Amino acid sequence: MTLAVGGGLIVAGAVVALVHAAMSSVQDSIALPPRSEAPYSEPYEEEPYEEDPYAEEPDAEEPNATEPDAKKDVTITACTRDPQIGWQSAKVKVVNGSSTTASYTIMMEFLDEDGVKVAEGGAGVVDLEPGGSAVKKAQGLGEVPPGTTCRISDVWRTPSD
């Protein structure tokens, strides 16, 4: 009987050791992320910023910053808030003051009574002949408070070929 009890204890001890070893390996694989094969490297000093040598030169066809004379080509003829949905819009008149056919991109800002921008909008005119005019609606996006005003923020004039 002692032999049976002793043998049972040895088997039980072996089972406990086996289960403990299995649980440890499972716990280690769950708790730790896999090791990286990459070698350790010291932190590096950041290089000063250099312009991208592969960057393309600006295209003459693309609009640049607002041209003062292009901004003179655009006037606001109406600034209204839709009473149903509360969205602001501006009616703008564009007169091509250049000597070539041009396309215009007009960006608007809609300002509350304190002069804080509450919405933006835009309008475009394509292939406007020299001296020609067009009237467009620059629709704002989003509800604005009553008393909102309109202001031209940017105008780009691009010659049409």
Side-chain angles (χ1 to χ4, degrees), residues 22-161:
M23 292 302 283
S24 287
S25 82
V26 168
Q27 182 179 2
D28 287 345
S29 69
I30 291 172
L32 299 175
R35 289 186 170 221
S36 170
E37 297 298 321
Y40 174 76
S41 67
E42 291 294 322
Y44 59 91
E45 293 292 319
E46 217 172 285
E47 302 269 332
Y49 174 76
E50 291 183 28
E51 289 195 29
D52 183 359
Y54 302 106
E56 294 181 22
E57 292 296 317
D59 188 1
E61 295 291 320
E62 290 183 25
N64 296 327
T66 299
E67 300 174 39
D69 57 330
K71 205 166 188 174
K72 291 178 188 175
D73 290 355
V74 182
T75 54
I76 299 171
T77 61
C79 181
T80 56
R81 179 178 180 268
D82 184 304
Q84 300 293 320
I85 62 172
W87 288 25
Q88 194 81 9
S89 66
K91 192 178 286 187
V92 293
K93 182 177 182 180
V94 182
V95 178
N96 185 351
S98 74
S99 60
T100 61
T101 301
S103 296
Y104 288 80
T105 301
I106 302 105
M107 298 304 299
M108 301 295 300
E109 292 179 336
F110 301 104
L111 312 171
D112 67 10
E113 291 177 336
D114 296 325
V116 176
K117 181 170 61 171
V118 291
E120 294 178 308
V125 177
V126 179
D127 295 336
L128 189 60
E129 296 291 327
S133 67
V135 175
K136 294 291 182 173
K137 180 179 182 180
Q139 179 64 56
L141 302 175
E143 189 173 349
V144 298
T148 297
T149 58
C150 303
R151 176 174 71 189
I152 299 168
S153 59
D154 285 312
V155 176
W156 294 283
R157 179 176 59 208
T158 307
S160 303
D161 290 310

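Owing to the predicted nature of the structure, the values given are computational and were not obtained by experimental measurement. As a basis for the values below, the full set of heavy atoms in this structure was taken, side chains included, without hydrogen atoms, waters or symmetry mates.
- A distance of 7.0 Å separates NZ of K71 from OG of S153, quoted to the nearest 0.5 Å.
- Residues S133 and V95 come closest through the heavy atom pair CB-CG2, 3.8 Å.
- At a threshold of 4.5 Å between non-hydrogen side-chain atoms, the residues E113 and P145 do not count as touching.
- Put simply, NZ on K91 and NZ on K137 are 8.5 Å apart, with the number rounded to the nearest 0.5 Å.
- For the atom pair CG of L141 and CZ of F110, the computed distance is 8.5 Å after rounding to the nearest 0.5 Å.
- Counting all heavy atoms, side chain and backbone alike, K136 lies closest to G124 at CE-O, 3.6 Å.
- T101 places no side-chain N or O within donor-acceptor distance of the main-chain N or O of D127, the cut-off being under 3.5 Å.
- Closest of all the heavy-atom pairs between D73 and R157 is OD2-NH1, 2.7 Å.
- For the pair D114 (side chain) and V116 (backbone), a donor-acceptor distance under 3.5 Å is absent.
- In this view, S98 and N96 satisfy the side-chain hydrogen bond (donor to acceptor under 3.5 Å, both in side chains) rule, not counting sequence neighbours.
- Rounding to the nearest 0.5 Å gives a distance of 9.5 Å between CE of M108 and CZ of R151.
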_side chain to side chain contact (heavy atoms under 4.5 Å, CB included) between I152 and I76, intermediate numbers included_ = CA-CA 8 Å; I152 299 168; I76 299 171; 3.9 Å; yes

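- The two residues A90 and C150 come nearest to each other via the heavy atoms CB-SG, 3.8 Å.
- No side-chain N or O of T158 forms a donor-acceptor pair with one of S103 less than 3.5 Å apart.
- Of the possible polar contacts, one joining the Q88 side chain to the T148 backbone as a donor-acceptor pair under 3.5 Å is found.
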*CA sep, side-chain torsions, deciding dist, call: E143, R81, side chain to side chain contact (heavy atoms under 4.5 Å, CB included)*: CA-CA 9 Å; E143 189 173 349; R81 179 178 180 268; 4.1 Å; yes

